[in-house]
Structure formats: C-alpha cells, structure tokens
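This is a predicted model, so every value here is computed, not measured. Note that these values count all heavy atoms, side chains included, but never hydrogens, waters or copies made by symmetry.
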Amino acid sequence: MKIISWNVNGIRAAEKKGFLDYMKKENPDIMCLQETKAHVDQLSDSLKNIPGYTSYFVLGDKKGYSGVAIYTKIQPKDVTIGCGEPRFDTEGRIIAAEYDDFILYNIYYPNGGRGPDRVQYKLEFYDHMLAIWEDLRTKGKKLILTGDFNTAHKEIDLARPKENSKNTGFLPEERAWLDKIASMGYVDIFRNFNQEPEWYSYWDQVTRARDRNVGWRIDYFWVTPDVVPMVTAAPIRMEILGSDHCPIELHLK
C-alpha cells in the first residue's frame, strides 16, 4: 500500500500544474492533501471524481484558506471530519479515515506566523489532537498521522536552525511538543530510514529557496509503534514540483 501526503498550496493551482497526471503516474492507494484552499463547488469535475477513487473534502468557513482532502481507492470503515472543537473545526484542518488495520489522520496544522496568540492556538490545537489520539490508543487503535505539522523538529530538519530559533516553526515550545509525542512512543518514520541532513519538504517561494535547497522538513508521517513493522519505506519526493511543499510517502506491506 502506498499513502502520499502533500500540501498542494491550492488544489486548483495544483490542477493547472499537472496534479491529475501526477496522480495517474504515482497511483497511490490513498492520497492526503493539505491547504486545498477551495470549497467543493469551486472544484472541477475532474478533481472531484478521479477514476478509481472516492474523495472526501473538508473546508473551513473562510474561502481560499486551509482545507484538507483524501482520495482513497480503499473504502474506509468510517470517515471523521473535524475534532469536535468549534474553534478548530471552523478552519477545516482535520479529516480521519478508519481502515481495517489503522486510522489515518490527515491534518493541516496551524501556522503560528501571525503572532503569540496564533502560536498559542497552534499549541492548543496540538494538545487537543494528542488527547484524541491517546484515547484511540487506549482502545487498541493503530494510528498514522500525516500532514503539514508546520514545525521542524530538530536542527537537522531545517537548513538554517540558528537563524530560525526565534521564529515560529522552530520555536522551543513548538519543538517541545514533537519531543513530547516522540517520548510517548509516536515515531517520525522518515528518520527510521534516513538520518541524513538536507532532506526537506518545504521551501519559501519568495526567496526562491528551493533552488538552493534552503528548506524545512515540516511534513511528516508519525506512526504508533504497532505500525512500524508494517512500514517498508517513507521517502520524501523532493524532485516533485507543483507546490512550495513536496510530497512525502508511506509504503506499507
């Protein structure tokens, strides 16, 4: 099974850049998108009805902002939209699909870039989701958590850690939350396969940072320990263009 996660920075923009051809070529079993930035009535039939897939779209109240989607070849047992907390759900950031062997959470986590209040909102969002996941773990559920977490975990995960130590996305309190989930047993599965630097998933477009690979690894697959034996690969596809992020993948046996 191949699961792909990609912040497309606008699904309609991605369509113009060849997203449908990419889907046909890569042929994932499950495709998770973040930052779709469009309501369903704004999408083409081609995007809503990709042959062989069932699609689910989650949009926030504000048009042109946030949004997540799942395309899946495998029919989920259940699909959950949102987290039950209105102040988070109005932004359209969360969708979960339950399959026979795991529950997949596809989330576009908040960006803390608009000041301290937004950083606090982001941290509260993190904690709210963690409480949900921990409850599911007590019920014996295997979890796969993917999406744009909007935080680089360790210094190896961004090109310029010292310069960004006081910027959101690499603040100590943001990184501490990733330390916390790691200590609770959640696994950043990419690092099980690759300990090398200079592997990133996001680059600033304004400064043309991708040309110099001055990037951030802020898109992840985190899995519970019982999922780790199922994973055969977790590549980052830095060569794939079409967004300021690149796709990441999870291969399961």
Side-chain angles (χ1 to χ4, degrees), residues 5-10 32-38 58-68 81-96 105-135 145-184 186 188 190-191 200-210 214-222 243-246 248:
S5 178
W6 194 7
N7 179 323
V8 289
N9 192 18
C32 299
L33 302 181
Q34 303 92 43
E35 206 171 358
T36 52
K37 293 183 177 180
V58 181
L59 295 312
D61 292 350
K62 182 179 176 182
K63 284 198 172 185
Y65 177 75
S66 193
V68 290
I81 291 172
C83 63
E85 176 57 55
R87 68 194 183 103
F88 298 138
D89 288 345
T90 56
E91 295 196 0
R93 296 180 174 276
I94 304 159
I95 185 170
Y105 270 86
N106 173 30
I107 300 178
Y108 176 44
Y109 296 83
N111 186 309
R114 291 187 299 217
D117 290 348
R118 196 62 182 175
V119 172
Q120 185 60 32
Y121 176 91
K122 176 181 181 179
L123 295 173
E124 290 171 2
F125 183 103
Y126 278 161
D127 285 340
H128 186 81
M129 294 312 307
L130 180 58
I132 291 172
W133 301 334
E134 285 298 285
D135 181 61
L145 317 172
T146 194
D148 176 1
F149 281 65
N150 260 313
T151 298
H153 187 193
K154 299 181 182 295
E155 290 193 354
I156 194 176
D157 295 317
L158 72 167
R160 294 178 175 167
K162 291 181 180 178
E163 293 90 333
N164 287 289
S165 61
K166 296 182 180 180
N167 293 332
T168 184
F170 201 59
L171 293 173
E173 58 266 39
E174 295 168 325
R175 298 171 62 198
W177 185 82
L178 292 176
D179 288 337
K180 178 181 177 180
I181 66 170
S183 73
M184 295 169 72
Y186 295 88
D188 173 7
F190 171 77
R191 287 297 179 203
Y200 308 124
S201 63
Y202 163 78
W203 303 262
D204 180 65
Q205 286 183 314
V206 176
T207 58
R208 300 183 64 86
R210 195 164 190 166
V214 179
W216 300 60
R217 191 173 73 93
I218 58 176
D219 303 87
Y220 300 91
F221 279 102
W222 287 81
S243 171
D244 51 356
H245 294 247
C246 73
I248 60 173

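Considering all non-hydrogen atoms of both residues, I248 and S201 come closest at CG2-CB, 4.4 Å. What you find for S66 and Y108 is that their closest heavy atoms are OG-CD2, 3.4 Å. Contact detail for S243 and N9: the closest heavy-atom pair is OG-CB, 3.6 Å. The two atoms that bring I95 and V68 nearest to each other are CG2-CG2, 3.8 Å, heavy atoms only.
Ring orientation note: the planes of H245 and Y202 are tilted relative to one another, at an angle of 30° to 60°. The aromatic rings of Y121 and F88 sit perpendicular, their planes meeting at an angle over 60°, well past the 30° parallel limit.
Here Y109 pairs with F125, Y126, F149 under the ring pair (Phe, Tyr, Trp, His ring centres under 6.0 Å) rule; sequence neighbours left out. Qualifying side-chain hydrogen bond (donor to acceptor under 3.5 Å, both in side chains) partners for T168, counting only residues two or more places apart in sequence or in other chains: E174. Remark: T207 engages D204 in a side-chain hydrogen bond (donor to acceptor under 3.5 Å, both in side chains) (not counting sequence neighbours). N164 is linked by a side-chain hydrogen bond (donor to acceptor under 3.5 Å, both in side chains) to N167, counting only residues two or more places apart in sequence or in another chain. Residues forming a side-chain hydrogen bond (donor to acceptor under 3.5 Å, both in side chains) with E173 (at least two apart in sequence, or on another chain): none.
Checking each of N106, N7, T146 against Q34 for a side chain to side chain donor-acceptor pair (under 3.5 Å) leaves exactly one that passes, namely N106.
With a 4.5 Å cut-off on side-chain heavy atoms, L59 and T36 count as touching. Proximity of W216 to W203: side-chain heavy atoms (C-beta onward) are nowhere separated by under 4.5 Å. Residues L171 and K122 are not in side-chain contact: their nearest non-hydrogen atoms beyond the backbone lie 4.5 Å or more apart. At least one side-chain heavy atom of Y220 sits under 4.5 Å from a side-chain heavy atom of H153. At least one side-chain heavy atom of M184 sits less than 4.5 Å from a side-chain heavy atom of E134. Using a 4.5 Å heavy-atom cutoff, the side chains of R191 and R217 are in contact. Contact check for I94 versus V58: no side-chain heavy atoms found under the 4.5 Å cut-off. Between E35 and Y65 the shortest side-chain heavy-atom distance does not fall below 4.5 Å.
Look at R175 and D157 and you find no salt bridge, because none of the NZ, NE, NH1 or NH2 atoms lies under 4.0 Å from a carboxylate O.
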- Task: List the steps and the verdict of side-chain hydrogen bond (donor to acceptor under 3.5 Å, both in side chains) for W177 and D127.
- Result: CA-CA 8 Å; W177 185 82; D127 285 340; 3.2 Å; yes
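Among pairs with a residue in residues 81-91, those fulfilling salt bridge (charged side-chain N to carboxylate O under 4.0 Å, His left out) read E85-R87, R87-E124, E91-R93, E91-R118, at least two apart in sequence or across chains.
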